[in-house]
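The structure displayed is predicted, hence computed values, not measured ones. The sequence lines fix the lettering, A, B, ..., with proteins before strands; numbering per chain opens at 1.
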Amino acid sequence: MAAKTVLTGTHFMNGDYACCEGAIAAGCRFFGGYPITPATEVAERMSSRLPDIGGIYIQMEDELASMAAVLGASWGGMKAMTSTSGPGFSLMMENIGLGICTETPCVVCNVQRAGPSTGLPTLVGQGDMMQARWGSHGHYEIIAVAPSSPQEMFDFTIRAFNLSEQYRLPVMIMADEVVGHMTEKVVIPPEDSIELVPRRRPAVPPEKFRPFKPDPDGVAPMASFGDGYRVHITGLTHDQRGYPVMDAIAQEDMVNRIVGKIRNNLDDIIRYETADMDDAEIAVVAYGIAARSARRAVREAREKGLRAGLLKLNTVWPFPEKLIRELAGNVHAMIMPEINYGQMVLELERCAAGRCTVRLVPHAGGSIHSPKTVLNAIETALKEA
Amino acid sequence: MAAKTVLTGTHFMNGDYACCEGAIAAGCRFFGGYPITPATEVAERMSSRLPDIGGIYIQMEDELASMAAVLGASWGGMKAMTSTSGPGFSLMMENIGLGICTETPCVVCNVQRAGPSTGLPTLVGQGDMMQARWGSHGHYEIIAVAPSSPQEMFDFTIRAFNLSEQYRLPVMIMADEVVGHMTEKVVIPPEDSIELVPRRRPAVPPEKFRPFKPDPDGVAPMASFGDGYRVHITGLTHDQRGYPVMDAIAQEDMVNRIVGKIRNNLDDIIRYETADMDDAEIAVVAYGIAARSARRAVREAREKGLRAGLLKLNTVWPFPEKLIRELAGNVHAMIMPEINYGQMVLELERCAAGRCTVRLVPHAGGSIHSPKTVLNAIETALKEA
Amino acid sequence: MGAKRGRKPALRHPQDDLLRTDRIPHIWCSGCGIGTVFSCVLSAIKKSGHPLDDVAMVSGIGCTGRMAGYVKLDSYHTTHGRAIPFATGLRLARPQGKILVCSGDGDLLAIGGNHFIHAARRNIDITVVCVNNFNYGMTGGQLAPSTPFNARTTTSPIGCPEEPFNFCHMAAASGAVYVARWTALHIRRLTDSISEALQKRGFSFVEVLSPCPTSFGRRNKMGKGLDIVKYYHDKSVIRNNIDPKEATLDFSTNLVVGKFVDIERPTFLDNYQLINKRELPAWPASTDKGAGKKAAGLV
Amino acid sequence: MGAKRGRKPALRHPQDDLLRTDRIPHIWCSGCGIGTVFSCVLSAIKKSGHPLDDVAMVSGIGCTGRMAGYVKLDSYHTTHGRAIPFATGLRLARPQGKILVCSGDGDLLAIGGNHFIHAARRNIDITVVCVNNFNYGMTGGQLAPSTPFNARTTTSPIGCPEEPFNFCHMAAASGAVYVARWTALHIRRLTDSISEALQKRGFSFVEVLSPCPTSFGRRNKMGKGLDIVKYYHDKSVIRNNIDPKEATLDFSTNLVVGKFVDIERPTFLDNYQLINKRELPAWPASTDKGAGKKAAGLV
Amino acid sequence: MAPQHEKEILITGFGGQGIVLAGNILGKAAAIHDGKHATLTQSYGPEARGGSCSAQVMISDEEILFPYVEQPQVLVCMSQESYTKNIGLLGPGGLLIWDTDLVQTGEHDPNWVTYSIPATRFAEELGSEMMANIVMLGFLSAVSDLVSVEALRQAVLSSVPPQTKDKNAKAFERGREYGEAILKSVAMQDESRNRDDKT
Amino acid sequence: MAPQHEKEILITGFGGQGIVLAGNILGKAAAIHDGKHATLTQSYGPEARGGSCSAQVMISDEEILFPYVEQPQVLVCMSQESYTKNIGLLGPGGLLIWDTDLVQTGEHDPNWVTYSIPATRFAEELGSEMMANIVMLGFLSAVSDLVSVEALRQAVLSSVPPQTKDKNAKAFERGREYGEAILKSVAMQDESRNRDDKT
Amino acid sequence: MKYWRTPLDLHTIQVSKGKVVIIEERCKGCQLCIQYCPRDVLEMSKAFNPKGYHYPEVVNESQCVNCHFCEVLCPDFAIFSVEATEKQ
Amino acid sequence: MKYWRTPLDLHTIQVSKGKVVIIEERCKGCQLCIQYCPRDVLEMSKAFNPKGYHYPEVVNESQCVNCHFCEVLCPDFAIFSVEATEKQ
Ligand SMILES: Cc1ncc(C[n+]2csc(CCOP(=O)(O)OP(=O)(O)O)c2C)c(N)n1
Ligand SMILES: Cc1ncc(C[n+]2csc(CCOP(=O)(O)OP(=O)(O)O)c2C)c(N)n1
Ligand code: SF4
Ligand code: SF4
Ligand code: SF4
Ligand code: SF4
Ligand code: SF4
Ligand code: SF4
Ligand SMILES: [Mg+2]
Ligand SMILES: [Mg+2]
């Protein structure tokens with residue numbers, strides 16, 4: 001069928017749809033999911049887009065199955081993703097762990113709503129940020145991006161796929177209900193201007209191939225089902241051959257690899273933007289939809305002559321520790337509006353290490369920070385300084 | 001049947017069994033679980049103990065069902081628990097969230113093994129500490145205890161039940177494979193010397209009862225199925241009647257309640273022990289099995305004349321922020337051996353706020369820290385001081 | 001013809017005592033069948049004669065799952081798919097009284113399918129009422145394990161490529177002691193079935209074919225709720241006691257309804273008590289173990 | 001009579017090319033039936049004639065689940081219960097070749113039960129081999145949804161209070177196109193069945209009754225693996241083509257084995273492609289919608 | 001309060017009226033056809049139908065940072081509940097529009113510009129109450145200058161299902177004509193623009 | 001290295017031999033019947049049977065902080081693999097015991113005290129190879145003074161299934177007698193205690 | 001009479017007279033009551049209720065046989081029938 | 001001969017002669033091969049292999065018909081049969 005893959009042009013499109021278009025532009029051809037507000041639109045659009053471009057949409061029986069199917073599809077050679085929201089994200093955690101442990105590239109989009117539990121299904125939250133980092137058992141590292149507009153849903157989804165291929169792990173898109181449901185201008189560039197990271201294939205013949213022997217950057221090439229490499233993968237602790245080895249040494253090797261490939265490539269992974277930071281006394285550090293309230297608050301602060309600036313985290317995990325450590329020495333205070341009762345701010349506080357004041361602007365969810373609340377926090381912080 | 005409930009006396013008993021005896025002594029009469037190494041022995045002993053003392057053991061089809069059944073049983077009026085390890089803990093997260101949101105007392109015992117994923121099923125890890133805190137979506141607070149011996153498995157399980165009734169939430173026992181499987185002397189006191197917190201029942205007639213209207217300490221009484229109160233509970237954001245209300249105000253109220261009842265009762269909840277801390281320059285902060293390596297390292301350090309001390313966290317969540325803030329001002333360094341690549345130490349570092357050095361002694365799992373490793377860390381920290 | 005304030009009649013609706021009237025109007029769409037099924041459930045509860053303080057309702061998440069929020073009973077609105085295991089715990093902790101699980105087709109047989117079959121196998125003493133509206137109503141009409149082949153939903157915009165389950169067959173195959181199916185227009189038979197199910201000891205299951213005009217109906221151009229439920233009813237044929245395997249839902253011929261299973265079998269708790277009396281002989285009766293070498297045909 | 005070093009024979013075992021010999025010996029206990037079933041699986045794969053680079057094995061967690069670690073194929077040892085959804089993704093992303101899911105009764109029908117029934121319903125093109133050893137071997141022998149009523153396990157020390165599933169009936173009720181059951185001693189029939197299953201397009205299911213002497217056998221005083229498998233085999237009766245509902249496992253009479261289902265039905269992918277060609281007429285054929293008021297018997 | 005350059009529009013009603021689609025079309029007209037910046041956010045309850053529902057549209061020549069309407073300059077009410085709930089938000093000098101048959105209004109700030117239109121009735125007359133939202137957009141195109149008429153017309157046509165284009169075009173024009181007629185009559189009366197005599 | 005007051009015992013073999021039970025009985029004898037402190041930890045692989053397996057017992061008069069054996073003073077080997085794997089751990093002056101039929105030993109530190117016993121063969125003779133562990137405990141009770149004999153005997157009896165008590169008591173005594181006989185013969189030889197002539 | 005099937009009890013019991021009560025503001029205008037009232041007691045109003053729905057109006061009160069059909073069928077608990085007392 | 005059922009192909013094909021090969025260190029002593037060898041070719045050894053198991057020994061090599069039964073049945077890939085060549 002003659003359906004287009006990359007919808008080059010300017011669209012008035014919601015974030016969930018933009019995520020789909022980003023995924024498709026990034027080469028995603030498999031979607032296994034289960035509907036849940038406010039991520040359902042991702043599944044819905046995928047179900048209408050994929051069949052016509054040679055892709056597979058399957059609605060699985062639940063999120064456990066969705067995540068497992070996505071991993072299977074990735075080993076089957078397709079770029080694959082799923083989307084969900086809090087309750088489904090919780091259910092995916094075990095198999096996200098399998099993806100981490102078997103170093104399976106794929107993308108999980110969490111369009112966050114307010115929790116805990118069923119919470120406010122149709123309303124915004126940012127309560128799953130720590131869950132993204134810590135939600136599966138055992139120790140590992142992850143990569144997560146946090147879009148704050150439909151355009152970023154498009155752009156960051158492509159980046160999520162690229163990072164997932166580059167570092168071979170499930171990469172998370174930590175969106176939220178507002179970003180997912182809001183409609184805004186989305187510019188989709190020409191196909192040939194979109195840079196993609198192709199899957200790294202084995203460069204040696206099957207006899208010589210060790211599926212978990214990393215290249216110098218810490219990441220191993222990957223052979224799909226049918227490539228003739230007869231690969232074995234397991235969620236058990238395994239050696240470079242992929243074989244289970246049940247001891248502390250193999251464990252250390254493996255954990256070093258899956259943790260190290262992230263920790264040793266922080267500069268390549270971490271992305272952020274700043275606004276008005278040059279002479280800022282107060283840094284508002286924010287991500288996702290909260291960064292938009294923050295940005296307006298900062299602008300209003302500047303209009304009032306207050307020296308506030310914005311640090312917007314485009315990747316939220318790994319946390320930009322070095323950046324924050326430096327920044328903490330240059331400002332009076334960092335304030336973080338989050339739609340939760342303190343998650344990323346814990347990392348902010350840790351990295352600030354007492355060198356500046358760190359304040360959370362909490363929000364339980366259901367709506368977003370009014371810029372005024374953030375502005376007030378800036379003013380209070382300035383007074384305290 | 002004439003089976004004993006409380007097995008008063010001295011036993012040579014493993015930690016998993018001691019957990020069961022603690023649960024039974026605490027009044028637990030329902031166990032819904034699914035086998036998993038190294039927590040299986042908890043289920044096994046419960047299956048042989050409960051039928052004879054009027055309790056119910058049911059092996060559910062998976063951990064999702066186990067957790068849901070435990071919540072149901074709690075609303076049915078029984079004290080209820082489940083046990084699991086990492087993979088199952090991941091699967092329980094969604095319904096732990098329901099337990100948090102519906103304020104359902106119950107106990108979840110996680111006998112940790114090394115992860116991520118299937119990892120090392122028979123070998124030790126402490127990789128689920130942050131998952132315990134953050135593993136379910138949305139924002140909430142939890143209580144978790146960390147036993148380091150079979151005796152503590154007994155004692156802390158009783159405390160876990162008491163805390164769960166006192167604060168109406170699922171309380172976690174963050175044990176580990178070594179503590180679960182090791183056999184040691186366990187002294188079970190006479191039944192009448194064990195203090196139990198009874199379930200708080202409504203004091204008003206049904207017409208006046210609001211199931212989520214808290215008593216002054218922030219916790220509401222609870223009416224079970226059949227009590228005539230015709231209670232409605234939901235995982236949706238709800239008001240004090242338990243009715244869903246879909247807005248940010250109700251959300252704030254509810255989250256304030258479930259977060260506040262913990263944050264406002266920290267002193268009542270938090271427990272720790274110290275050894276050799278009076279004049280310590282180096283504080284080893286540890287929990288669970290790692291606290292035993294730490295304790296010996298500290299003793300050896302003292303034998304060498306080094307001023308090290310131990311702070312052993314008996315409750316790990318909520319984190320003893322105030323205590324650590326104070327301590328950070330009194331020591332050169334805090335070092336934390338954890339069988340993970342840095343979890344609780346992040347909180348330690350955050351609370352230290354740059355006032356002292358904080359060092360992780362990492363361990364990927366599969367075995368425990370040798371005391372020597374911890375001792376080395378003490379010596380290094382002293383040199384750096 | 002402007003909007004006008006409704007007048008409150010002096011009399012109260014006969015079900016108001018079982019309703020959380022302060023939460024009415026409910027969220028169900030105009031023309032949705034769930035409300036009618038709910039009404040039948042309430043009638044059945046009363047009809048069954050159980051003391052109301054001793055009856056609980058457990059629901060999962062979905063439009064149907066909201067039932068638990070409107071009924072003035074001990075009522076538990078749990079997580080998506082987990083109503084049955086929650087009810088299992090509730091039931092075992094308190095064997096008295098009756099427990100109804102009311103939920104949607106997706107809740108009970110997509111995400112909740114495993115619990116459904118296992119609870120039926122164990123013969124947990126609960127009554128499960130499934131409102132089958134052939135899709136996920138709550139999330140806007142995605143395909144479900146009940147969606148007919150080729151029907152349109154928001155996630156099968158051209159047509160559903162999957163064959164649906166026959167829920168009644170699944171229930172029976174898994175061990176349910178009572179299995180029936182009606183449409184939301186069979187209000188008397190449905191009410192009778194639910195109250196019969198409530199009298200049973202063990203896992204009883206009642207499926208109700210119900211219109212979701214807003215999602216499923218709209219996508220498939222089936223008209224209003226009224227039209228859809230009538231269509232289901234018109235297509236239905238009653239075949240009591242047939243093998244539930246044959247109780248097919250074939251929209252090109254007919255939709256088989258009726259009471260398919262009504263048997264007796266000890267419940268989980270019956271067996272739990274029986275076994276723990278320690279009076280049964282050891283399993284298996286005989287194993288012939290180590291009875292010397294005897295050649296067998298390994299073909 | 002001291003321990004002695006084994007001599008390596010010059011010839012290689014004929015299955016060594018399909019084995020990760022560097023991982024042999026495997027972990028299975030002496031007398032465990034899994035090894036024999038594994039051997040039959042390897043024979044069946046060869047017999048089916050599919051190019052070996054085009055055959056994959058997916059397992060969950062359990063003693064049986066370890067098969068994936070010993071076979072020299074693309075092999076995926078996933079999480080407990082999720083072999084089937086993983087295989088579903090693998091299959092859909094790469095429609096060529098054959099995919100076997102080999103796992104235990106607990107993995108496939110306790111925690112994995114939902115995926116089992118849904119994959120069968122969708123007719124995902126995979127072959128599922130279930131080693132049914134009536135308990136959870138890997139974790140030391142707890143009760144499973146296969147454990148016979150009153151049998152002892154570590155979590156039913158007096159006796160199991162639950163009735164087991166009839167797996168073949170569940171598979172058939174859910175939509176499997178091929179369903180068979182053998183014991184681990186029926187090595188030829190079993191091999192034939194698996195290779196037949198591999199030839200099918202769609203969800204095929206082969207159950208194997210297999211001894212777990214270490215856990216299940218020991219608790220129930222059934223003797224060694226040898227004794228147990230012989231007992232199963234002796235008790236077995238072959239009843240090909242009977243309704244799988246009747247294919248009961250009754251240890252007091254007999255254990256029905258045989259091939260019960262062998263039908264054709266389009267796979268998920270067949271239907272996916274068919275639907276997306278947009279050539280089918282819209283569902284449903286007719287709805288009679290809004291056809292004026294017509295009274296129906298709402299009884 | 002939103003920056004000066006931002007126009008805040010709040011369209012409200014209940015689920016099933018096409019409130020969000022109306023907002024979408026308006027935003028699209030601005031963002032795609034008029035080349036401005038626009039955001040659409042929505043809020044709705046758990047009901048699939050019948051619950052209160054609103055679409056918040058921001059239109060600006062510059063990038064829009066905060067996408068929520070804080071003080072609408074334009075408020076459209078298509079149900080009683082949404083009127084009651086939102087009327088307090090309308091800013092000074094705001095434009096208020098309601099569906100004549102569905103909303104009973106109270107006292108209004110004399111500063112406001114107010115209109116009503118029986119959009120649902122018109123839509124029913126045109127064959128489907130589902131098009132009330134499009135009638136309303138046509139009306140809006142007449143009585144406001146948020147976006148260009150042509151942009152809005154195009155946005156309507158590119159947003160509705162192909163087979164319903166004609167009907168929707170008619171609905172749009174019906175609303176627009178009604179709006180123009182009112183404007184004319186108002187202009188003729190030259191006074192008392194604050195009461196729509198049809199209410 | 002463990003504190004002076006701690007005795008470290010490592011019992012090794014493969015799964016199915018009752019290694020952990022042996023350790024448990026030893027620990028119980030010390031902790032319950034002798035009133036000391038004891039810990040038992042175990043390590044085993046994924047195999048239910050046949051994999052290598054070890055029980056680590058610590059016995060002390062004081063509280064035991066670190067429950068793992070670092071340098072055993074007593075090493076019992078009931079399989080070849082476990083011997084090969086663990087022999088390097090045995091401390092100076094350590095006590096080494098192995099099953100005569102299952103282990104082929106190499107060169108030994110002359111400092112060690114070494115014995116072997118055909119525990120499995122004895123057990124088979126007594127009716128079940130499953131009792132080799134109890135034979136071994138009986139032997140240990142003769143050749144070491146880790147716990148009192150009476151404590152160990154009681155611990156055996158309170159740890160095995162009631163219907164097997166008699167058999168196990170016999171197995172225990174069989175091992176003990178064999179141990180005493182060896183001690184006697186060694187005492188008689190008065191020299192060269194480092195080689196067990198039965199090996 | 002237009003029963004599709006003759007109700008079993010139709011000839012054996014006396015047809016009672018009923019009074020139907022409509023709780024207008026609960027109604028969502030689905031028309032089930034109107035469609036399936038065996039006695040055509042009801043008709044749709046032209047007016048909207050506060051939620052914007054048309055609701056049933058009694059047009060043939062005397063015909064009501066208090067069969068409770070509308071009552072059980074109504075998804076919104078917006079209509080019910082009671083035994084018509086002498087006074088009414 | 002002690003086939004429980006007569007194999008279908010027994011009379012049509014020539015019974016071949018086989019040689020059975022045992023990979024002792026793989027064996028776990030389950031005795032399946034010994035028990036089910038139709039020609040009683042095998043018996044259990046007295047010796048242990050390095051894993052501590054008794055393993056089969058060939059006691060009636062000449063009887064082996066190369067039926068591969070032991071080979072497929074063996075759970076440990078520790079035994080297989082090959083066509084007996086002239087030399088052997
Ligand atoms: C874990 C999880 N996944 C997904 C959802 C989103 N969700 C809510 S209801 C529902 C399906 C409802 O369908 P059904 O059970 O058929 O009920 P209906 O609304 O049709 O009555 C879904 C997918 C959720 N709440 N939780
Ligand atoms: C989520 C999760 N829960 C529990 C386990 C523990 N576990 C591993 S295998 C297994 C059951 C194995 O039984 P079965 O599938 O019948 O395989 P068998 O070992 O009998 O071959 C269990 C419960 C796990 N690994 N993961
Ligand atoms: S969406 Fe469908 S199922 Fe849900 S209330 Fe509306 S009509 Fe009923
Ligand atoms: S435990 Fe049972 S199933 Fe597992 S390998 Fe041993 S005998 Fe086989
Ligand atoms: S009670 Fe019966 S007759 Fe009376 S209005 Fe209702 S349906 Fe009609
Ligand atoms: S059945 Fe109920 S909701 Fe429907 S029209 Fe009649 S009164 Fe209104
Ligand atoms: S090949 Fe056949 S005859 Fe030869 S040893 Fe094996 S089973 Fe016996
Ligand atoms: S069947 Fe295999 S493992 Fe069993 S005794 Fe024979 S050779 Fe050994
Ligand atoms: Mg549904
Ligand atoms: Mg099994």
### Option in D:Pro157, D:Ala282, D:Pro148 with maximal non-hydrogen atom pairs under 4.5 Å from chain C
D:Pro148
### Task
Count the heavy-atom pairs under 4.5 Å between each of C:Gly159, C:Ser252, C:Pro145, C:Pro244 and chain D, then report the option with the highest count.
C:Pro145
### Message
Using a 4.5 angstrom heavy-atom cutoff, name the option from C:Arg121, C:Glu163, C:Glu162 with the most pairs to chain D.
### Response
C:Arg121
Counting only heavy atoms closer than 4.5 Å, note whether [X] contacts chain C via side chain, backbone, both or neither.
X: D:Tyr232; answer: neither
X: D:Ser174; answer: both
X: D:Leu226; answer: neither
X: D:Leu109; answer: backbone

#### Entry: Minimum side-chain heavy-atom gap D:Ile158-C:Tyr272 below 4.5 Å
no
### Query
Would you say C:Ile117 and D:Phe116 make side-chain contact, with heavy atoms under 4.5 Å?
no
Looking only at heavy atoms, what is the nearest atom pair of [X] and [Y], with distance?
X: C:Ala110; Y: D:Asn114; answer: O-ND2, 2.6 Å
X: C:Ala173; Y: D:Met170; answer: O-SD, 3.9 Å
X: C:Ile275; Y: D:Pro161; answer: CG1-CA, 4.0 Å

### Query
Any idea how D:Trp283 and C:Phe251 line up, ring-wise: parallel (<30°), tilted (30 to 60°), or perpendicular (>60°)?
perpendicular
### Query
Tell me, side chain or backbone of C:Pro281 under 4.5 Å from chain D's heavy atoms, or both, or neither?
backbone
